[in-house]
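This report concerns only the one structure given below.
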There are 2 protein chains.
Amino acid sequence: MKSSNTKNKRPTLQDVADLVGVTKMTVSRFLRNPDQVSVPLQTKIADALENLGYIPNRAPDILSKSKSHAIGVLLPSLTNQVFAEVIRGIESILEPAGYQTMLAHYGYSKEAEESRIATLLSYGVDGLIISESYHTERVRKMLSVAGIPVIEIMDSVSPPIEQAIGIDNQAAAYAMTEFMIQRGRQKIVYFAARMDQRTLFKIKGYESAMLDNGLTPLCLKTNSASSFTLGAKFLKDALQQQPDTDGIFCTNDDLAIGALYACQKAGIKVPQDIGIAGFHGHDISRAMVPLLATVVTPREEMGRLAAEHLLSRLQGNPVSQRVINLPFQLEAGESI
Amino acid sequence: MKSSNTKNKRPTLQDVADLVGVTKMTVSRFLRNPDQVSVPLQTKIADALENLGYIPNRAPDILSKSKSHAIGVLLPSLTNQVFAEVIRGIESILEPAGYQTMLAHYGYSKEAEESRIATLLSYGVDGLIISESYHTERVRKMLSVAGIPVIEIMDSVSPPIEQAIGIDNQAAAYAMTEFMIQRGRQKIVYFAARMDQRTLFKIKGYESAMLDNGLTPLCLKTNSASSFTLGAKFLKDALQQQPDTDGIFCTNDDLAIGALYACQKAGIKVPQDIGIAGFHGHDISRAMVPLLATVVTPREEMGRLAAEHLLSRLQGNPVSQRVINLPFQLEAGESI
DNA sequence: CCATGTTTTGTTACACGTAACATTATCATA
DNA sequence: TATGATAATGTTACGTGTAACAAAACATGG
């Protein structure tokens, strides 16, 4: 019967035990399995728990068993809708399994990635879902030392640390470019923003497809984030650099939609004058007028799969498949 | 000199200390302030830390000092762009201040809210930012027992638990409705989805404005989430129930844009035949053709302010202002 | 070279829940 | 009633970093 809680700190198991007149071990047993405790005590303990408003404390568990029941998720950005949907997929699996998600983002900066991973690890996360396929040596070291399962998402090409789940961005961009060419487009410009690994892969796919068809690639690039207004700006730039542009392929839907609206404002007919295609297939691309041509990517499923495989690994199963390559889908819409 | 780390667990301070030949206390001192340690030891310890890839462990801190340096953020949904922007605002303040964000969402369910708050508290978060203005008794009890600062965001009307930062949704809806009426709209229908507290306030504002102007309100409601397709469906319903509808005011931009596209497809001219207004003012509403009329809300600033006030409270300052009412802004666009 | 002060390092105890083991209470049966 | 088995509860120790106190090493001045 240790000292009861005099300061108004939040109640501990000891406080509950004191109130009932047992040891905290008995209360602990009740919490894990009420039947381990005699019937009269069950109600008394339940009452005391309710009364004091007891809230469990995970810290001791993390300390002694290194089990936090939390999963770290590290993404480049939280505002990008792509990642919002990935998160939804992840949580749809983790939450029912009793895992808390610890979200962090690094704004596409390698240094920030290092520090975010260190932070997540310092909270004792049981597993990590990270994005991007390139990581610094320090990040790799931290991950190896931490000894927890790690899954990389978004891209399925680079050799994974342990396991990767994503799509083949290069192949997807190649396919859409070919598709546009088949539709008769010749002077297709690529709009790229936020030059991360995935964007570079897409550019590679676009350029290969153009060259393979004897066409000249032209790529507009910026390091800033994509947005509708950037799409509009790129359209202006494209028409200036190549007035007879007849196709635009964008690294994501935002740029495409921005470009499309800019065309509408400028009196350029889509798809008659210029064909426009996006990437990802967000809801809006499937509701707007005209429907946007796009590469539909399985973002939510990617999150789900990553979470499922992570849980499986946490249950002790080995990596079943080092690289899981998810299919993408071309959607013609009405804009090419 | 305790047993060195035989199992390949992640290294602890003790492991580092063993490698250097000092006690872990010395290493701990070095980490907090290198000057507390003799110069020759400084390099040795730094080397050992780097060598082993030491990552600090927050669990002992949470346990002994109840300081996790983590802030819990509880939102109804993560996919809704409104909340994505609130999160961005929050993180823009918390991250530089050295706080980790623990994100959770409850899908608009009261039971889920209870359990998510308990989970966040079980991780020892130092403070909480929650949404919605109504909370169950159990939630209130948990928050009071936890003894950490709590800030409610989104709505600025209901009496806050401690401190609320948001907008007056009812007044905003009233203002936009009046605005539409001034523009000559008479038969304005309200499109409502996800009937949460805020939506109810908006409906109230809309209905008051209609009644105050001698008009008859008509509100289409559903409990499901809003989407572009739902906006399209609502448009059909509205025209069926009230064929001479000349205005549509939506509880958010998604519904409005969906309705607008549906009009375009059906050959209904916006704004000539029907005026349409949304709520929030996302990027797309300011890029599309026609520009969407909308109530622009300061989502990111709301997040920033919430985080700033929370930090101030964590530094021991008292609540400076129980309710902070942020201004909204009517944007006429080209759709009303 | 001692006395005193200062710097550097070490020791001990603690936070809280639970595994593992130990003890006590309860019950059925011979 | 005694005995053994089972159920119910208690005791101890642990995980990790750090505050608080203690000790040792070093420096300075007389």
Side-chain angles (χ1 to χ4, degrees), chain A residues 1-7 9-18 20-45 48-49 52 54-69 118 121-124 126 145-147, chain B residues 1-7 9-18 20-45 49 52 54-69 118 121-124 126 146-147:
Chain A
M1 220 148 298
K2 293 272 185 60
S3 71
S4 61
N5 202 335
T6 46
K7 301 143 275 178
K9 282 178 46 202
R10 101 184 200 197
T12 69
L13 268 197
Q14 186 67 57
D15 298 320
V16 179
D18 289 353
V20 179
V22 292
T23 58
K24 55 182 180 166
M25 196 61 226
T26 305
V27 183
S28 171
R29 286 194 183 98
F30 172 83
L31 284 174
R32 323 199 75 247
N33 178 6
D35 293 339
Q36 280 183 77
V37 157
S38 64
V39 180
L41 270 186
Q42 285 178 21
T43 50
K44 273 207 225 171
I45 293 176
L49 287 168
L52 292 175
Y54 173 76
I55 298 163
N57 184 344
R58 280 214 185 276
D61 253 36
I62 303 177
L63 200 48
S64 56
K65 294 205 292 292
S66 304
K67 279 277 160 285
S68 61
H69 275 259
L121 291 176
S122 77
Y123 283 100
D126 295 343
V145 158
Chain B
M1 221 149 298
K2 294 273 184 58
S3 72
S4 60
N5 202 334
T6 46
K7 300 144 275 178
K9 282 176 48 199
R10 99 184 201 198
T12 69
L13 268 196
Q14 185 66 56
D15 298 319
V16 179
D18 289 352
V20 178
V22 292
T23 58
K24 56 182 181 166
M25 195 61 225
T26 306
V27 183
S28 171
R29 286 194 183 98
F30 172 83
L31 284 175
R32 322 198 76 247
N33 179 4
D35 293 338
Q36 280 183 77
V37 158
S38 64
V39 180
L41 269 188
Q42 286 178 20
T43 50
K44 273 208 226 171
I45 293 176
L49 287 168
L52 292 174
Y54 174 76
I55 299 163
N57 184 345
R58 280 216 185 274
D61 253 36
I62 304 176
L63 199 49
S64 56
K65 294 204 291 294
S66 304
K67 279 277 159 287
S68 61
H69 275 258
L121 292 176
S122 78
Y123 283 99
D126 295 343

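Within every chain, numbering begins at 1; the chains are lettered A, B, ... in the order of the sequence lines, protein sequences first and strands thereafter.
The distance from the CG atom of A:Asn57 to the CG atom of B:Leu63 is 6.5 Å, given to the nearest 0.5 Å. Atoms CD and OG1, on A:Gln36 and A:Thr26 in that order, are 10.0 Å from each other to the nearest 0.5 Å. Here the straight-line distance linking atom CE of A:Met25 with atom CG of A:Leu13 works out to 9.0 Å at 0.5 Å rounding. One finds the CG atom of A:Leu121 at 6.0 Å from the CZ atom of B:Arg10 (value rounded to the nearest 0.5 Å). Here B:Thr12 contributes atom OG1 and B:Tyr54 contributes atom OH; the two are 7.0 Å apart, rounded to the nearest 0.5 Å.
For the pair A:Ser64 (side chain) and A:Pro60 (backbone), a donor-acceptor distance under 3.5 Å is present.
Between the C1' atom of C:dA15 and the NZ atom of B:Lys67 lies a distance of 14 Å, rounded to the nearest Å. Computed from coordinates, the B:Asp15 CG to D:dG15 C1' distance equals 13 Å when rounded to whole Å. Atom C1' of nucleotide C:dC14 and atom CG of B:Asp61 are separated by 13 Å, given to the nearest angstrom. Here C:dT8 presents its P atom at 14 Å from CZ of B:Phe30, a figure rounded to the nearest Å. C:dC16 atom P lies 15 Å from atom CG of A:Leu31, rounded to whole Å. Put simply, NZ on B:Lys44 is 14 Å from C1' on C:dT8, counting in whole angstrom units. Regarding B:Gln14, its CD atom lies at a distance of 13 Å from the P atom of D:dT18, rounded to whole Å. When the C1' atom of D:dA20 is taken as reference, atom CZ of B:Arg32 falls 14 Å away, rounded to whole Å.
Looking at heavy-atom distances under 4.0 Å, B:Tyr54 makes contact with sugar-phosphate atoms alone, never a base.
Dashed line: the shortest gap from a side-chain N or O of A:Lys9 to OP1 or OP2 of C:dC16 is under 4.0 Å.
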Assign a letter to each nucleotide of nucleotides 7-14 of chain D from its 5' end: B, base within under 4.0 Å of a protein heavy atom; S, sugar-phosphate only; -, no contact.
-SBBB---
